Amino acid sequence: MAALGAFLTLAVCLLLGHQTFAKNKFPCQPSNWNNGYNTFLKRHVISGMPTSLDQNEWQKFIKDNTGCDRPTQSFLYPKDLDRVKDVCTNEGGATYKENLCISRQSFTFVTVRSEPRTCEIRSVRKETKHLILACDLLDNKCLPVHFEGNPKNLKPNNNAKGCQAPETNLLSLCKFN
């Protein structure tokens, strides 16, 4: 019976190790997108972001930092970075769906809507909501790689597993080098 259990564990490890999906089915799984966390930071956690909601300031900031190709951009305050990373842990986040985690606490951030390519700002709003972040395992640490919108102002389910719950992290049994 122990041999069957070892075989099944090995089979799961081999199948998951050769995963070719762009998005993981669970939070905190290894990712082939090694630059995901750095891209997340460059898009959403930028030092020097405007402190006001002035559209002219935000237009200049977006032109100089993130580019005008995305019509909706959300910016988190750099002082909150440790809390943001905690969303990808059992303590700070709950499993939402697929590799998405929802924060156990709400965050205040700025959302800017603009016209693609022209950078003409349509709106700048300060919002306070629970964050929904995609979390992947990079360098043995579960980190945010994507900021998902939360237009329905969802909150975490009190019964949801934490973001690094062992039941959802089958690859923790596998050692890939």
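Nothing here was measured: the structure is a model prediction, and the numbers come from that model.
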Fill in the blank from the handout: Tightest non-hydrogen contact, residues Ile121 and Val124, listed as CG2-CG2, 3.6 Å
Problem - Contacts of type side chain to side chain donor-acceptor pair (under 3.5 Å), residue Thr118, not counting sequence neighbours - result: none
Exercise for the section: Look at the SG atom of Cys135 and the SG atom of Cys28, then say if they are under 2.5 Å from each other. Expected result: no
Fill in the blank from the handout: dist Asn150:CG -> Ile102:CD1 (nearest 0.5 Å) comes out at 5.5 Å
Practice task
Give the cluster check for Leu143 versus Leu131: same hydrophobic cluster or not, with ILVMFWY residues linked at side-chain heavy-atom distances below 4.5 Å.
Solution key: yes
Handout entry: Donor-acceptor contact present, side-chain Asn24 to main-chain Phe26, <3.5 Å
Key = no
Exercise for the section: Would you indicate whether the side-chain heavy atoms of Lys129 and Phe107 approach each other to under 4.5 Å? Expected result: no
Completion exercise
Partner of Cys68 under side chain to side chain contact (heavy atoms under 4.5 Å, CB included), picked from Glu115, Gln59, Lys63, is Lys63
Handout entry: Test item: Asn99 and Lys23 side chains (from C-beta on) under 4.5 Å apart, heavy atoms
Key = yes
Exercise for the section: Write down the atom of Ala160, the atom of Thr95, and the distance for their closest heavy-atom approach. Expected result: CB-O, 3.5 Å
Problem - Within one Ile-Leu-Val-Met-Phe-Trp-Tyr cluster: Ile132 and Phe109, side-chain cutoff 4.5 Å - result: no
Problem - Rounded distance [0.5 Å steps], CG in Leu53 versus NZ in Lys126 - result: 6.0 Å
Exercise for the section: Taking the side chain as every heavy atom from C-beta outward, state whether Lys155 and His130 have any atom pair closer than 4.5 Å. Expected result: yes
Exercise for the section: Return the minimal non-hydrogen interatomic distance between Arg122 and Gln55, and the atom names on each side. Expected result: O-NE2, 3.6 Å
Handout entry: Lys141 vs Asp139 side-chain heavy atoms within contact, under 4.5 Å
Key = no
Problem - Phe75 and Phe61 aromatic centres sub-6.0 Å - result: yes
Practice task
Any chance you could lay out the side chain to side chain donor-acceptor pair (under 3.5 Å) test for Thr108 and Thr128, step after step, and finish with the verdict?
Solution key: CA-CA 4 Å; Thr108 299; Thr128 301; 2.9 Å; yes
Exercise for the section: Flag the pair Val110 / Tyr77 as yes when at least one side-chain heavy-atom distance between them is below 4.5 Å, and no otherwise. Expected result: yes
Exercise for the section: Identify whether the distance between the nearest side-chain nitrogen and carboxylate oxygen of Asp80 and Arg83 falls below 4.0 Å. Expected result: yes
Exercise for the section: Identify the heavy atoms of Pro27 and Cys163 that sit nearest to each other, and give their distance. Expected result: CB-O, 3.6 Å
Problem - Leu138 side chain near Val145 side chain, heavy-atom distance below 4.5 Å - result: yes
Please tabulate, for side-chain N and O atoms in residues 36-51, each donor-acceptor pair with protein atoms closer than 3.5 Å (sequence neighbours left out).
from: Asn38; atom 1: ND2; to: Asn35; atom 2: OD1; distance (Å): 3.1
from: Thr39; atom 1: OG1; to: Asn35; atom 2: O; distance (Å): 3.0
from: His44; atom 1: ND1; to: Ser74; atom 2: O; distance (Å): 2.7

Exercise for the section: With the side chain counted from C-beta on, respond yes when Glu57 and Ser52 share a heavy-atom pair under 4.5 Å apart, and no when they do not. Expected result: yes
Problem - Distance-only polar pair, side chains of Arg113 and Thr72, donor-acceptor under 3.5 Å - result: yes
Exercise for the section: Establish, from distance only, whether the side-chain atoms of Thr111 and Glu127 form a donor-acceptor pair under 3.5 Å. Expected result: yes
Practice task
Report the residues that fulfil salt bridge (Lys or Arg N to Asp or Glu O under 4.0 Å) with Glu148, sequence neighbours left out, ordered by chain and then residue number.
Solution key: none
Practice task
Could you grab the distance from atom CG of Asp86 to atom SG of Cys101, nearest 0.5 Å is fine?
Solution key: 11.5 Å
Problem - Atom CG of Asn158 with >12 non-hydrogen neighbours under 6.0 angstrom - result: no
Handout entry: Val112 side chain reached by Ile62 side chain, heavy atoms, under 4.5 Å
Key = yes
Exercise for the section: Examine the side chains of Thr66 and Gln73 and answer whether a donor and an acceptor come within less than 3.5 Å of each other. Expected result: yes
Exercise for the section: Quick one: closest heavy-atom pair of Val87 and Ser103, and the distance? Expected result: CG2-CB, 3.6 Å
Fill in the blank from the handout: On a heavy-atom basis, the closest approach of Leu133 and Pro144 is CD1-CB, 3.9 Å
Exercise for the section: Verify, without hydrogens or angle tests, whether Asp136 (side chain) and Ser31 (backbone) share a donor-acceptor contact under 3.5 angstrom. Expected result: no
